[in-house]
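First comes the structure, then the notes that go with it.
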Amino acid sequence: MKDQLKNFITSSLTAAMEQGKLPEIELPDVQIERTKDKAHGDFATNIAMMLAKPAKMNPRQIATILVESLPESDFITKVSIAGPGFINFTLSADSSLQVVKEILAAKEKFGVSTIGEGKTVQVEFVSANPTGPLHVGHGRGAAFGSVVSNLLSAVGFSVHREYYVNDAGRQMDILATSVWLRYLDACGENLTFPSNGYKGSYVLDIADTLHAEHGDEFLKSAFKVFTDIPADEPEGGDKELHIDGLIEKAKALLGESSYRKVFNSGLNSILSDIRDDLSDFGSDYDEWFSERSLVESGEVDKAIEQLKSANVLYQKDGAWWFKSTDYGDEKDRVVVRDNGQTTYFASDIAYHLNKFQRGFDEVIDIWGSDHHGYIPRVKASLTAMNQDKDRLKVLLVQFAVLYRGTEKVAMSTRSGQFVTLRQLREEVGKDAARFFYVLRSADQHMDFDLELAKSQSNDNPVYYVQYAHARVCSVLRQLAERDLVWDQTVGESKLSRLVEDHEKALLTMLARYPEVLESSALNHTPHILAHYLTDLARDFHTYYNAHHFIVDDIELSQARLTLIIAVRQVIANGLGVIGVSAPESM
RNA sequence: GCGCCUGUAGCUCAGUUGGAUAGAGUGUCAGUUUCCGAAACUGAAGGUCACAGGUUCGAUUCCUGUCAGGCGCGCCA
């Protein structure tokens with residue numbers, strides 16, 4: 001519809017110029033928008049005001065000329081000039097009814113478009129370290145990432161959803177060592193658990209399983225383990241040196257093969273827990289990409305070599321640095337430590353190069369906002385490797401601060417004190433949690449009140465939207481109880497009976513859905529869709545309270561039923577994109 | 001100190017990429033059900049869009065500065 005109007009204006013403009021009514025000037029992009037106020041018609045354009053300056057004419061004068069030059073049309077009933085020079089269009093009743101037929105014909109496909117057709121996009125999200133279960137802080141990224149993916153898919157992109165598994169690096173060694181120490185404990189050894197180890201109860205579970213499956217295979221005496229280890233913090237030492245000492249000792253005492261077994265028991269257990277958790281949360285993936293695989297395949301070393309030959313690495317203090325300042329970063333970054341180990345950043349350089357080489361047209365990273373300082377160096381590395389850094393888009397998700405009532409909940413993965421995503425899902429439900437997470441724009445800090453979310457109060461808008469869907473289903477059940485049926489053919493042919501203000505409001509709301517989906521997708525803003533759905537639900541509930549659908553006038557009744565079935569379809573489609581169920585009753 | 005994000009109704013948040021009289025939910029107050037589900041609906045009250053300048057036909061939106069809050073500034077990941 002917008003496009004039709006755009007062509008309309010454009011042809012009017014060229015006509016006016018050919019006739020010499022307007023000076024020959026370069027045409028700006030014609031902007032058509034829906035009006036906020038019904039009194040202004042359905043659509044409006046500000047083109048006359050935009051042309052005022054280059055044409056050196058009064059905007060209202062331009063508008064008058066344009067309106068005179070508009071071609072004939074049967075889908076517009078009224079064109080008017082208002083305010084400083086807006087041109088307002090009112091659609092014919094017929095054309096606004098058309099959307100209902102489109103919805104019923106397209107069904108679950110209504111609203112999808114082909115804008116992204118032929119383009120591939122990779123979306124990486126969550127990618128939490130597999131050192132413990134996901135907590136509610138990860139939930140927002142999980143919901144946001146999966147809805148952004150669904151949106152892009154809905155407008156035609158071929159979407160590849162990916163989780164980057166940080167299965168290499170020091171944090172994983174700390175986890176492996178934590179598991180081993182708990183295992184030794186389970187074997188009956190007497191030891192003091194390091195203050196910097198992972199203290200969560202899931203570590204105990206993993207250790208118990210390891211003990212049950214392998215017996216005393218990995219048993220070493222606690223005395224041996226703790227000999228010559230720097231003191232821990234509570235004893236006046238350094239907790240980092242203490243845990244690093246323990247890691248080295250674990251590797252030495254166990255040997256590579258056994259250490260790897262312990263390591264994998266922790267990694268696999270937690271990773272499979274994360275997979276199940278995300279799957280149950282409705283956030284599905286096409287690929288789980290292992291950091292370790294990048295190291296072992298030599299891709300990390302290869303990337304470093306590539307940077308070296310590009311002459312953007314230099315040695316200082318025994319380490320290899322990347323000259324990221326040449327590309328706008330605040331300071332240079334280490335890629336190979338003085339002990340010869342590559343940094344996390346080195347893996348990430350290789351990972352992003354790998355993503356680019358896989359040929360995606362667009363690569364989207366969804367990170368917590370605390371990683372924002374990381375963007376310049378990743379983009380710098382891509383530029384240094386002759387890649388177009390603009391193919392990478394990083395979307396930042398602000399933290400959700402958790403509250404229990406008015407009390408802030410303190411969380412720390414290491415200490416094991418956190419509310420897990422699974423707990424949230426079990427208490428609040430997947431639907432409410434997802435909708436709640438996605439309701440706010442991602443760059444907005446968010447207060448997540450557990451009590452509120454748990455309380456099933458109608459503060460939670462997901463019920464409101466779902467209820468609208470269930471209500472339509474309920475009307476249809478009522479219809480059946482009265483031995484009546486919905487006749488689509490009759491309904492569609494009598495749509496002109498829909499003349500009430502509530503009905504007109506619903507019709508324009510329904511027509512907006514494809515536009516909402518598109519702008520939500522292209523701007524990566526799921527909250528636009530969520531807000532649209534609550535608005536649509538509100539218009540429906542208002543209509544419901546004002547009018548009856550099952551009435552004696554059969555034609556009117558069928559027309560109204562047809563309308564609300566279209567509403568139900570759009571709600572179901574929208575909720576589907578968000579990953580929330582559309583129940584028939586609740 | 002530097003960088004990024006944020007500041008809109010008592011509270012939680014929108015605001016269609018610069019448009020017409022800044023909107024919802026919640027809370028407060030007053031109402032609606034012999035009738036398809038009241039998880040609903042109607043109405044009222046509630047605002048110096050943090051503050052000060054600037055850009056132009058026009059600014060909550062863009063620019064600069066100030067103030068306030070969050071985050072980041074490792075040879076951690």
Side-chain angles (χ1 to χ4, degrees), chain A residues 31 33-37 39-40 44-46 49-50 52-53 58-59 82-86 88 127-129 131 166 168-172 174 240 291 316-321 329-331 333-339 341-345 347-348 368-376 396 398-399 401 439-447 449 452 456-464 466-468 470-479 481-482 512 515-516 519 523 525 527-528 530-532 534-535 537-538 540-551 557 560-561 564 585-586:
Chain A
Q31 292 177 17
E33 46 186 17
R34 287 189 179 272
T35 56
K36 286 182 204 166
D37 190 338
H40 299 135
T45 179
N46 60 355
M49 283 162 333
M50 291 181 69
K53 199 168 194 184
N58 179 318
F86 288 102
N88 294 333
S127 300
N129 282 351
T131 52
N166 297 124
R170 179 166 173 263
Q171 295 304 325
M172 286 309 297
I174 294 178
E240 305 291 348
E291 177 187 2
K316 193 182 84 179
D317 302 333
W320 282 95
W321 297 70
D329 197 7
E330 289 176 350
K331 51 185 292 189
R333 311 291 173 176
V334 170
V335 289
V336 185
R337 291 196 276 262
D338 58 4
N339 64 9
Q341 287 193 318
T342 55
T343 59
Y344 172 85
F345 179 45
S347 297
D348 234 9
S369 61
D370 55 333
H371 285 69
H372 67 80
Y374 204 75
I375 299 171
L396 297 176
Q398 293 284 340
F399 285 144
V401 182
L439 195 58
R440 268 128 221 198
S441 69
D443 53 14
Q444 190 78 36
H445 300 121
M446 168 180 170
D447 291 342
D449 184 351
L452 192 67
Q456 300 248 330
S457 80
N458 42 4
D459 295 342
N460 200 329
V462 66
Y463 295 113
Y464 188 80
Q466 288 181 316
Y467 181 45
R471 242 181 171 179
V472 176
C473 296
S474 172
V475 170
L476 296 181
R477 283 192 295 269
Q478 185 62 225
L479 192 70
E481 273 178 34
R482 299 187 194 178
R512 271 185 56 203
E515 299 162 22
V516 167
S519 106
N523 295 313
T525 48
H527 74 279
I528 301 280
H531 280 276
Y532 166 82
T534 58
D535 289 343
R538 182 172 310 113
F540 169 75
H541 287 308
T542 302
Y543 179 41
Y544 182 99
N545 273 55
H547 299 284
H548 277 251
F549 312 138
I550 305 176
V551 291
S557 186
R560 285 181 172 172
L561 289 170
I564 65 168
S585 66
M586 8 192 339

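Just so we're clear, the structure is a prediction, and the values are computed from it rather than from any experiment. Just so it is clear: chains get the letters A, B, ... in the order the sequence lines come, proteins before strands, and each one is counted from 1. As a basis for the values below, the full set of heavy atoms in this structure was taken, side chains included, without hydrogen atoms, waters or symmetry mates.
- As rounded to whole Å, 19 Å separates atom P of B/G70 from atom CE of A/M446.
- With hydrogens and angles ignored, no donor-acceptor pair closer than 3.5 Å exists between the side chain of A/H372 and the base of B/C5.
- Here A/Y464 reaches the OP1 or OP2 of B/C41: one of its side-chain N or O atoms lies under 4.0 Å away.
- Using a 4.0 Å heavy-atom cutoff across all strands shown, A/D535 reaches no nucleic acid atom at all.
- A/I528 comes within 4.0 angstrom of the backbone, heavy atoms only, and of no base.
- Judged by closest nucleotide on RNA chain B, A/H548 is the one of A/D370 and A/H548 placed further toward the 5' end.
- Of the two residues contacting RNA chain B, namely A/G318 and A/R34, the nearest-nucleotide position lying further toward the 5' end is that of A/R34.
- Among the atoms of the strands shown, base atoms are found under 4.0 Å from some heavy atom of A/N88.
- Among the heavy atoms of the strands, none lies under 4.0 Å from A/A546.
- The P atoms of B/U42 and B/G47 are separated by 23 Å, rounded to the nearest whole Å.
- Contact annotation: A/R333 does not reach the phosphate of B/G74 (side-chain N/O to OP1 or OP2, under 4.0 Å).
- Put simply, A/T542 has a side-chain N or O that comes within less than 4.0 Å of OP1 or OP2 on B/U42.
- Between A/H541 and B/A39 there is no side-chain N or O to OP1 or OP2 distance below 4.0 Å.
- The shortest distance between the side-chain N/O atoms of A/S441 and the OP1/OP2 oxygens of B/A14 is below 4.0 Å.
- Across all strands shown, A/A82 has heavy atoms under 4.0 Å from base atoms, whether or not it also approaches the sugar-phosphate.
- Comparing the C1' positions of B/C13 and B/U6 gives a spacing of 13 Å, expressed to the nearest Å.
- Side-chain contact of A/T35 with A/D37: a donor-acceptor pair under 3.5 Å is absent, judged by distance alone.
- Evaluation of A/H40 against the base of B/A20 yields a stacking contact (centre distance < 5.5 Å, interplanar angle < 30°).
- Rounded to whole angstrom, the span from the NZ atom of A/K36 across to the C1' atom of B/U60 amounts to 10 Å.
- The separation between A/H531 atom NE2 and B/U12 atom C1' is 10 Å, rounded to whole Å.
- B/A52 and B/A14 have their P atoms separated by 24 Å, with the value rounded to a whole Å.
- Distance CG (A/N460) to C1' (B/C13): 14 Å, rounded to an integer number of Å.
- If you take atom C1' in B/G54 and the same atom in B/C11, they sit 34 Å apart, rounded to whole Å.
- A donor and an acceptor atom, one from each side chain of A/Q444 and A/R440, are nowhere located under 3.5 Å apart.
- In this structure, A/R477 does not reach the B/G37 phosphate: none of its side-chain N or O atoms is under 4.0 Å from OP1 or OP2.
- Atom OG1 in A/T342 sits 14.5 Å away from atom CH2 in A/W320 (nearest 0.5 Å).
- In the set B/G72, B/G19, B/G37, B/G72 carries the atom at the smallest distance from any side-chain atom of A/E330.
- The same atom, P, is picked in B/A24 and in B/C36; the two are 29 Å apart, to the nearest Å.
- The distance from atom CG of A/N545 to atom P of B/A40 is 10 Å, rounded to the nearest whole Å.
- A side-chain donor from one of A/R471 and A/H541 sits under 3.5 Å from a side-chain acceptor of the other.
- Across B/A39 and B/G25, the matching C1' atoms stand 14 Å from one another, rounded to whole Å.
- For B/G69 and B/C75, the P atoms lie 29 Å apart once the distance is rounded to whole Å.
- At the heavy-atom level, A/W321 lies under 4.0 Å from base atoms of the strands shown.
- For B/A14, the OP1/OP2 oxygens have a side-chain nitrogen or oxygen of A/Q444 closer than 4.0 Å.
- For A/R337, a side-chain nitrogen or oxygen approaches OP1 or OP2 of B/C76 to under 4.0 Å.
- Ring geometry for A/F549 against A/Y543 counts as tilted: the plane angle lies between 30° and 60°, on a 0 to 90° scale.
- Note: A/H527 and A/H531 have perpendicular aromatic rings, judged against thresholds of 30 and 60 degrees for the angle between ring planes.
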